[in-house]
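Since the structure comes first, as structure tokens, the remarks are kept for the end.
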Amino acid sequence: MTDLTTLLEVGGPVAALGGGAAYARAKHPGVYWSTVGVPISTARLLSSYGSVMEACGLTVAPSRLRMLAVKATTRREVRPVPPRRGIIRPTSTGLRLRLRLAPGQEPADVAASAERLRHAWGVHAVYVTTVKPGVVELRLVGFDVLRRVRMPRKVGAGFLQVPVALREDAMPFIRDYRTVPHQLTLGATLSGKSMYLRHLIAGLAPQSVALVGIDCKRGVELAPFASRLSGLATEPDQAAELLPVLVKEMEDRYDLIKARQGIAPDTPAEEITSDFWGLPESERPVPVVLFVDEVAELFLVATKKDEERRDEMVTQLIRLAQLGRAAGLYLEVCGQRFGAELGKGATMLRAQLTGRVCHRVNDEASAKMALGDIAPEAVSAACAIAPERPGLAVAGDTSGGWSRIRTPYLSLGKAAETCREYAHLVPDLPVLRPFRPDVPVRPVETPGPAVRPRPVTD
């Protein structure tokens with residue numbers, strides 16, 4: 001009887017602890033990983049590192065000097081040598097460690113065994129990145145970070161850089177306009193494309209940059225951010241007037257760069273430039289980011305007159321995509337559907353858009369249009385996005401690399417409030433004054449009748 005009572009007294013807390021761990025793993029995976037997952041995975045990695053590397057074929061024959069030393073000191077069998085392991089660094093989402101590759105190994109050998117390493121060490125995923133020649137970093141992710149997106153607290157984002165989403169390897173996805181000047185973003189209805197656009201505008205609002213929008217859905221997507229926009233076109237006719245103005249602004253900036261080139265012969269070489277960012281800061285105009293929402297509306301035509309207008313607008317967009325980067329003009333083209341059937345110039349415009357972000361789409365052709373020419377294996381990943389995960393997307397660029405990302409939730413009211421907060425940063429560009437949107441004035445709440453205090457009596 002005494003033994004049974006003791007067993008119950010001990011088993012109760014153990015069961016409660018196990019139930020609490022199971023609940024934390026399901027509802028709060030970050031807390032579970034920090035308290036339970038880190039020590040378990042670290043112990044598993046340390047105890048099985050050599051055998052796992054040998055099973056994955058990542059070991060090499062020891063050097064002749066090592067073989068002679070082992071035979072001279074001991075009589076045990078000389079085993080293959082795994083890559084030299086660095087210090088294990090725990091993070092809030094996983095583990096990191098560096099491996100020094102043995103002679104004859106390459107990072108692709110480790111990357112090919114990532115799935116085996118994941119199962120052997122009991123983590124959610126393993127990613128391999130090259131640090132320098134002969135050294136790779138293993139990034140072990142303990143749980144699915146895209147299920148509940150939480151952006152890192154500290155993100156080193158600079159000018160024209162916006163941390164807009166979280167990658168599947170727990171690293172922030174930063175939209176860098178200096179590195180990837182133009183981008184195509186596709187997504188069906190309720191796929192999270194609008195949320196992605198909100199993060200971009202809210203992230204650029206505090207920066208010294210001119211934001212211009214073309215939203216042919218009567219402005220329902222971009223009108224809430226009117227207080228921070230330097231120009232907004234809500235109809236194809238207005239877009240047909242706005243695009244030539246931007247092309248003229250681009251040409252004027254090229255004239256400014258040419259004037260800077262034609263300087264005196266004794267000018268230092270570092271002051272001679274053929275690029276917008278090479279101009280002195282006192283002479284450099286503000287960068288311009290053009291957001292085009294529902295780009296298909298610019299391609300659709302109903303009459304012969306509309307077809308002429310469409311050709312002009314598409315030509316101007318292509319010119320901005322080809323020449324705008326060196327003049328400080330950047331494009332963010334968004335849409336639900338993008339294909340060659342939109343008309344002349346569609347594929348040519350796509351070829352100038354370096355970055356690609358594909359949310360859930362309704363047909364495989366759109367995914368192929370977005371990712372097929374840069375990373376064919378990413379097309380199947382984009383087509384496998386479930387409707388239950390809005391904001392999930394596949395991001396890539398023309399270098400061939402791609403990864404899954406997910407945008408955290410940002411309410412429309414909060415993004416609009418951010419734009420109103422930084423409305424004073426709207427640059428004064430005379431050419432865009434006719435297109436400056438009207439900002440509705442908030443109604444002033446009139447105070448109610450004053451309430452007279454009652455005297456306190458006995």
Side-chain angles (χ1 to χ4, degrees), residues 11 13-60 79-102 105-131 135-152 166-173 377 381 384-386 388-389 392 394 402-406:
V14 172
L17 185 62
Y23 175 81
R25 186 173 187 176
K27 299 297 182 180
H28 305 282
V31 176
Y32 173 83
W33 172 256
S34 300
T35 56
V36 181
V38 169
I40 292 178
S41 297
T42 303
R44 188 177 297 169
L45 191 153
L46 293 174
S47 61
S48 62
Y49 177 76
S51 59
V52 169
M53 288 293 166
E54 186 175 1
C56 294
L58 298 177
T59 55
V60 295
R79 301 181 61 84
V81 179
R84 188 184 303 174
R85 174 180 52 81
I87 301 174
I88 299 177
R89 297 180 176 87
T91 65
S92 60
T93 57
L95 300 173
R96 289 186 181 182
L97 71 153
R98 292 187 177 184
L99 303 181
R100 180 173 294 276
L101 301 180
Q105 290 182 332
E106 60 177 355
D109 298 334
V110 185
S113 303
E115 189 68 14
R116 296 183 179 183
L117 299 177
R118 179 180 81 88
H119 288 285
W121 294 332
V123 293
H124 178 73
V126 176
Y127 300 95
V128 181
T129 57
T130 303
V131 179
V135 179
V136 297
E137 183 180 65
L138 294 185
R139 186 178 296 117
L140 282 65
V141 181
F143 55 94
D144 186 5
V145 296
L146 299 184
R147 188 176 66 176
R148 295 182 181 180
V149 179
R150 290 188 178 182
M151 296 293 291
L166 188 69
R167 298 192 320 195
E168 58 183 345
D169 59 355
M171 297 295 292
F173 175 75
E377 65 275 8
I385 298 176
E388 295 80 14
R389 283 199 167 187
L392 190 64
V394 175
W402 64 277
S403 63
R404 294 180 182 86
I405 64 172
R406 193 176 187 187

Worksheet, complete the sentence: Note: Phe143 and Thr93 closest approach over all heavy atoms is CE2-CA, 3.9 Å
Discussion item. Please identify which of these residues, Asp169, Leu117, Val123, Thr91, meets the side chain to side chain contact (heavy atoms under 4.5 Å, CB included) condition with Leu140.
Written reply: Val123
Worksheet item: How many angstroms lie between OG1 in Thr130 and CD in Glu106, if you round to the nearest 0.5 Å?
Response: 9.5 Å
Worksheet item: Taking only residues two or more places apart in sequence or in another chain, which ones pass side chain to side chain contact (heavy atoms under 4.5 Å, CB included) with Thr42?
Response: Val38, Leu46, Ile88, Leu95
Worksheet, complete the sentence: Closest non-hydrogen atoms of Pro82 and Met53, given as atom of the first, atom of the second and distance, are CB-CB, 3.8 Å
Discussion item. What's the separation between atom CZ in Arg167 and atom CZ in Phe173, rounded to the nearest 0.5 Å?
Written reply: 8.5 Å
Item to complete: Indicate the atoms forming the closest heavy-atom contact of Leu138 with Trp121, along with that distance.
Response: CD1-CZ3, 4.2 Å
Discussion item. What I'd like to find out is whether the side chain of Met171 reaches to under 4.5 Å of the side chain of Arg139, using heavy atoms alone.
Written reply: yes
Item to complete: Would you check if Pro107 and Leu101 make a side-chain contact, meaning some heavy-atom pair closer than 4.5 Å?
Response: yes
Discussion item. I'd like to check Asp109 versus Cys56 (side-chain heavy atoms, cut-off strictly below 4.5 Å). Are they in contact?
Written reply: no
Fill in: Atom of Arg44, atom of Gly122 and distance for their closest heavy-atom approach
NH1-CA, 3.3 Å
Discussion item. Within this structure, what is the CD-CG distance for the pair Glu137 and Leu99, rounded to the nearest 0.5 Å?
Written reply: 9.5 Å
Worksheet item: If you measure from CZ on Arg118 to OG on Ser113, what distance do you get to the nearest 0.5 Å?
Response: 13.5 Å
Worksheet item: Quick one: CZ on Arg147 to CZ on Arg406, what's the gap to the nearest 0.5 Å?
Response: 10.5 Å
Worksheet item: How long is the span from the CZ atom in Arg96 to the CD1 atom in Ile87, to the nearest 0.5 Å?
Response: 14.5 Å
Discussion item. For Pro172 versus Met151, what's the shortest heavy-atom pair and its separation?
Written reply: CB-CE, 4.2 Å
Practice prompt. Locate the shortest heavy-atom distance separating Asp144 from Arg389; write the atom from each residue and the value.
Written response: OD2-NH2, 2.7 Å
